[in-house]
Each structure stands twice: as structure tokens, then as C-alpha cells.
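Atoms considered below: every heavy atom in the structure, side chains included; atoms not considered: hydrogens, waters and symmetry mates.
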Amino acid sequence: MDELLAALSKRGLAITQHPQRGRCLYTAKDFSPGEVIISQEPYVSVPGNSSTASRCEFCFASSNLKRCSSCHGVWYCRSTCQKSDWKLHRVECQALSKLEKERLKSLTPSVRLMVKLYLRRKLESEKVVPASVMDNYKLVEALASHMSEIEEKQLILYAQMANLVNAILKWSDVDLKEIAENFSKLACNGHSICDPELKPLGTGLYLVVSIINHSCLPNSVLVFEDRKAVVRAVEFIPKGTEVLISYIDTAGSTITREKALKEQYFFTCSCPRCIKLGQSNDIQESAIVEGYRCKDEKCGGFLLRDSDGKTFICQQCGLARTKEDIKKIASEVKLMTEKANALLNSRNFSESMSLYKAIEELQVEIWHPSSLSLMQTRDSLLKIFMELNLWNEALAYCRLTIPTYERIYPGCHPVLGLQYYTCGKLEWFLGDTDNSIRSFTKALDILRITHGSNTPFVKELAYKLDEARAEASHKLMPMDDK
């Protein structure tokens, strides 16, 4: 622990112990917006492969893949990735090669990640894979597992998964209880590895990054550059401040966020947003993002349940709306959404588009214009229109979502920046250069902080902005000068 503290001290960081929150990462110097607080390669990682899509085991690329000729369970995009991963995959390959074909196909990323965790521990103890101050199995042992808080059903599942890991490893000294506990540790401490557009690619365990606690109003953001986890400040963080990221999507109401955190991470958040639970501002915001609209289309009010429990009252004009009226439409929307999601997942864009449009019409009747449900439906339609090359429709729906994104996310949030970026690309493609410059500028202001100015993704955005500005200047030139 002393060596870890010394290593972090050189990076302007410190670890302290809190009676409720456990280990906390604090700043030992000031950090500016966009500055990297800490970055780390995964201790172990695994791509999110499925029966329909595979990725390189090392870099998570999805093209030019070749299957390992020995175990047939792992893919690589080039020889350098295979060589980089060889020390670990060599022993994993031996274990996977002994599995029946059907069992190999059914291995989940979680089980594979656990197998790799134990193989890495073995190779570390044999000095085949080097341990470092910030990457060693002792840090895995220090992670919180919350085993005492897990329901019996989940404990049984972890026990079954532990037996599967044991069947793969075939070691005589395997501790099944320890494996089950490590599954719980991975569930609480693992991170979904995403591309720059926040699309999930796989899962990784980052032993120092895992020390960082949660806030629904974080001062930092976690993004990934290939497999490397990078934590950047999104605001000025003075010396002596706890570094905080968000574990969940913070767009939901306080009750929704608390439920998600309690179910997966076993704690109740006490951030500045969550301590307002039950206060008038919190009630109003929850009613807007997850509640219903006034029956009068000209009124922009939100509804709250009346004391009789049978009606909802508009807080702006006082108009009542019955619970049954809302429940009927909400039930219909739920069933239609399940069907539409299934169609979209099977890439049936034409039918899913028709269904989502019907859902949107119903949602507009009862949901508030700034509701998450309506925004998510419009986001689905945006994706479908882009898949079908219906660019004008895609831009119209992208613009419809922006006000809700601006309402539910802080000013410097990667999700908001990415939505501005999408809007800018559509505007530029359709020849609306002036608006594309505005959207690209808003996107760049956010993403250069969250993703870093020197990353390829942000450099490409900056290049697009420069091109759009050059195009706008060219249009303003007199005809004789062109």
C-alpha cells in the first residue's frame, strides 16, 4: 500500500479511507478541465463477443479477424495483437482447447474474464507476467465484494459460474467460494469499455480506477482510448478534493438513480443532487423527466398525483387527468416498445420505424415534452433514419432530442457533446453549413475536455469544424474572387 501511495503521489493523487465510502481517491494538486487525472491499462479485459459479432481479443477491433487456430474461441485482428496477448492467451488457449465445442460457444464474457483473472494471478506468481505497484493481484483482494448484501438467487448464480470456471481451469487447489466472491467484485468494480462514441466494446478491470467513487454530479469523466481507461477533470478540481465519476447514466430521477445504485453497487448516494430527494425542485424535475403532461396541449405544465391516488393534477393550470387514462396508454406503449426493440435488434428498420412512430404519437399524448421516454423513442427513430439514409428526417429528430439532452445532462457531459456532433454532421452533409459550425463548436467545447484535444476522435471533429468554417468563408466571398 505504501508503494501505491508513493506512485500516486507522483501523479498528484492520494488515497484516504472513509467510514461509509471506503477507499477514496483525492487530489494532491489542482487539476484543470480536460486534464488527465489518471490513466490505466486493464488488469484483465475481454471483448463483448456474441454469436453475431466478434472482436479482437487485445484491441477490440472488429475487422480483419482471424480465429486462434488452436482453441477456436478467440480472435485477433493482426499478429502484433496476438503477440502482445500471447503470455496470457497461451495458458488460456490450453484450457479452452479442452472444452467441448458447444460449451466453448456458450462461455459468457464474465466467465472468460474470471478465467483470465486467475490465469493472470498464476502467471504473476510465476514471474511470467510482471506485477507493478498499480497492477497486482493484491489490489484485487482489496476490492469490495458486498457478498453479505447479495440476494440468495444471485449467490447461487455466482456459485454456478464458479463451478464453470473450475471446470475450465481444472486446478486442484481452486477455492470456489473465492471465485464466487470475485464475481461479485467484478460486478461492482468492472467497467464497460466503450469506443469514443460510448458504444460498448467489452469489459475490463482497472484496479486503481476502481478506487474512484461515484457522484451523480461528478467532477471527472471516465472514457477509453482503445482499452486504456482515462479519467479527465470536467471542471476545475482544487487540491484536496475527492475525484468522482458517475457509475450510471445520471439522466433519470433521483429515485431511479438511487434504485440503480442500490441494486448494482449496494450504496445510497449522498451527492448534492441526491440529498435533495423529496424537495420541491427534485419532485418537479422527476415529474418532468419521468412523468406526464397536462391534457391541455397549450399548457406546458407537469402532473403530480392527487391525494386520492386516482387522478393527476397539472401544477400549472390545475386540470385533472385520470390515472386510468394514463395507465391505458402507458400499458399500450410498453407492449409496443418491446416489439419495436425486438424488430430494431433484428435490423428490421422499416417495420421498427413504423412502430416507433406510432409509439411517439401515443407518448406525445401523455408524456411531458422533456421526458426521457419520449427522448429515447426519438433517439431510436434517429438511428433508424440514419440506417435508412433518410438524412432530413434524421436531422429533424436529432434536433428534437437536443433540448431534452441539454436539460438532463450537465453542460460538460460526453453524451451531450456527442449529440451535438451528430447534429453537426447531419447539418453539414445536408448543406446547412452555418448551423453545422454552431453544432460542431458546441461539440468540440465539450469533447476536447471529456475525450482530450489530442485524441484522433477529437482531432477529426476539429478538422470537420475547420472545413465547415472554410466552406462558409468561401460562400461569403464575392463571385469575382472565387
Would Cys56 and Trp75 count as a side-chain contact (heavy atoms from CB on, under 4.5 Å) if you check the C-alpha gap in whole Å, the side-chain angles of each, and the deciding distance to 0.1 Å?
-> CA-CA 5 Å; Cys56 173; Trp75 300 80; 5.8 Å; no

So is Lys29 actually on top of Phe31's ring, under 6.0 Å and inside 45° of the axis?
-> yes

Under 3.5 Å, is there a donor-acceptor pair between the side chain of Arg55 and the main chain of Pro47?
-> no

Report yes if some heavy atom in the side chain of Tyr420 is under 4.5 Å from a heavy atom in the side chain of Thr441; otherwise report no.
-> no

Just how far is it from atom CD of Glu427 to atom OG1 of Thr422, taken to the nearest 0.5 Å?
-> 10.5 Å

Hey, is CD on Glu338 packed in by over 12 heavy atoms from elsewhere, all under 6.0 Å?
-> yes

Between Ser184 and Ser145, is there a donor-acceptor pair closer than 3.5 Å when you use the side chain of the first and the backbone of the second?
-> yes

So CD1 of Ile384 and CG of Leu344: to nearest 0.5 Å the spacing works out to 5.0 Å

Aromatic ring pairing Phe440/Trp428, orientation class (parallel under 30°, perpendicular over 60°, tilted between) = perpendicular

Result block: side-chain N/O donor-acceptor pairs under 3.5 angstrom for residues 244-256, not counting sequence neighbours:
residue : atom : partner : partner atom : Å
Ser246  : OG   : Ile248  : N            : 3.4
Ser246  : OG   : Ile248  : O            : 2.5
Tyr247  : OH   : Ile212  : O            : 2.6
Asp249  : OD1  : Ala251  : N            : 3.1
Asp249  : OD1  : Tyr409  : OH           : 3.0
Asp249  : OD2  : Tyr409  : OH           : 3.2
Ser253  : OG   : Thr256  : N            : 3.2
Ser253  : OG   : Thr256  : OG1          : 3.0
Ser253  : OG   : Glu290  : OE1          : 2.9
Ser253  : OG   : Glu290  : OE2          : 3.3
Thr254  : OG1  : Arg257  : NH2          : 3.3
Thr254  : OG1  : Asp282  : OD1          : 2.5
Thr256  : OG1  : Glu290  : OE1          : 2.9
Thr256  : OG1  : Glu290  : OE2          : 2.8

Side-chain contact test, heavy atoms from C-beta onward, threshold under 4.5 Å: evaluate it for Arg347 versus Glu387 and give yes or no.
-> yes

side-chain contact (heavy atoms from CB on, under 4.5 Å) between Arg78 and Asn64, intermediate numbers included | CA-CA 7 Å; Arg78 55 186 184 270; Asn64 301 318; over 6 Å; no

Verify, without hydrogens or angle tests, whether Asp85 (side chain) and Cys59 (backbone) share a donor-acceptor contact under 3.5 angstrom.
-> no

Ignoring hydrogens and angles, state whether a donor on the side chain of Asp379 or Tyr405 is under 3.5 Å from an acceptor on the partner side chain.
-> yes

CG/Leu88 to CH2/Trp86 distance, rounded to the nearest 0.5 angstrom?
-> 11.0 Å

After noting the C-alpha distance and the side-chain angles of Met353 and Leu390, does the key distance pass the side-chain contact (heavy atoms from CB on, under 4.5 Å) rule?
-> CA-CA 11 Å; Met353 178 180 68; Leu390 299 172; 4.3 Å; yes

Determine, step by step, whether Leu388 and Glu393 satisfy the side-chain contact (heavy atoms from CB on, under 4.5 Å) criterion, reporting the C-alpha distance in whole Å, the side-chain angles of both residues, the deciding distance to 0.1 Å, and the verdict.
-> CA-CA 10 Å; Leu388 296 173; Glu393 291 86 345; over 6 Å; no

Can Arg21 and Glu242 be counted as an ion pair, charged N to O under 4.0 angstrom?
-> yes

Side-chain donor or acceptor of Arg11 paired with backbone N/O of Ala7 under 3.5 Å | yes

Answer whether the closest heavy-atom distance between the side chains of Leu143 and Leu205 falls below 4.5 Å.
-> yes

Does a side-chain heavy-atom distance below 4.5 Å link Phe236 with Thr241?
-> no

Please determine if Arg120 forms a cation-pi arrangement with Tyr137, meaning its NZ or CZ atom is less than 6.0 Å from the six-membered ring centre and no more than 45° off the ring axis.
-> no

Do the side chains of Trp391 and Met386 get nearer than 4.5 Å, heavy atoms only?
-> yes

Looking at Phe224 versus Phe60, is the centre-to-centre ring distance below 6.0 Å?
-> no

Donor-acceptor pair between Gln363 and Ser371 side chains, under 3.5 angstrom = no

Between His18 (side chain) and Gln20 (backbone), is there a donor-acceptor pair under 3.5 Å?
-> yes

Ion pair present between Arg121 and Glu178, side-chain N to carboxylate O less than 4.0 angstrom?
-> yes

Counting only heavy atoms not in Asn345, do more than 12 sit closer than 6.0 Å to its CG atom?
-> yes

Without hydrogens or angle criteria, can the side chains of Asn182 and Tyr118 be said to hold a donor-acceptor pair below 3.5 Å?
-> yes

Would you say the side chain of Val74 lies within less than 4.5 Å of the side chain of Arg112, judging by non-hydrogen atoms?
-> yes

Glu258/Lys262 ion pair, N-O < 4.0 Å = no

Under 3.5 Å donor-acceptor, Asp30 side chain and Pro238 backbone = no

Would you check, one step at a time, whether the test side-chain hydrogen bond (donor to acceptor under 3.5 Å, both in side chains) holds for Glu225 with Thr455?
-> CA-CA 8 Å; Glu225 295 173 10; Thr455 56; 5.5 Å; no

Criterion side-chain hydrogen bond (donor to acceptor under 3.5 Å, both in side chains) against Tyr463, the qualifying member of Glu460, Glu467, Lys459 = Glu467

Going by heavy atoms in the side chains, are Leu381 and Lys357 under 4.5 Å from each other?
-> yes

Do Lys464 and Tyr421 have side-chain heavy atoms sitting under 4.5 Å apart?
-> yes

Main-chain N/O of Met375 paired with Thr401 side-chain donor or acceptor, under 3.5 Å = no

Within the side chain of Asp226, is there an N or O that forms a donor-acceptor pair under 3.5 Å with the backbone of Lys228?
-> no

What residue among Glu92, His89, Glu57 forms side-chain hydrogen bond (donor to acceptor under 3.5 Å, both in side chains) with Lys116?
-> Glu57

Plane angle bin for Phe183 and Tyr158 - parallel if under 30°, tilted between 30 and 60°, otherwise perpendicular = parallel

Roughly how far apart are Leu465 CG and Leu444 CG, rounded to 0.5 Å?
-> 6.0 Å

dist Ser110:OG -> Leu164:CG (nearest 0.5 Å) comes out at 11.0 Å

Check: Val140 main-chain N/O paired with Lys185 side-chain donor or acceptor under 3.5 Å | yes

Euclidean distance, His451 NE2 relative to Phe457 CZ, rounded to 0.5 Å = 5.5 Å

Any Lys/Arg nitrogen of Glu151 or Lys153 sitting under 4.0 Å from an Asp/Glu carboxylate oxygen of the other?
-> no

Does CD in Glu152 sit with more than 12 non-hydrogen atoms of other residues, nucleotides or ligands closer than 6.0 Å?
-> no

From the list Asn189, Leu4, Leu139, side-chain contact (heavy atoms from CB on, under 4.5 Å) with Leu207 holds only for Leu139

Look only at the side chain of Arg227 and the backbone of Glu41, and say whether a donor-acceptor pair between them is shorter than 3.5 Å.
-> no

Should the heavy atoms of other residues, nucleotides or ligands under 6.0 Å from CD of Glu3 be counted, would the total exceed 12?
-> no

Below 6.0 angstrom between ring centroids: does that apply to Tyr397 and Tyr356?
-> no

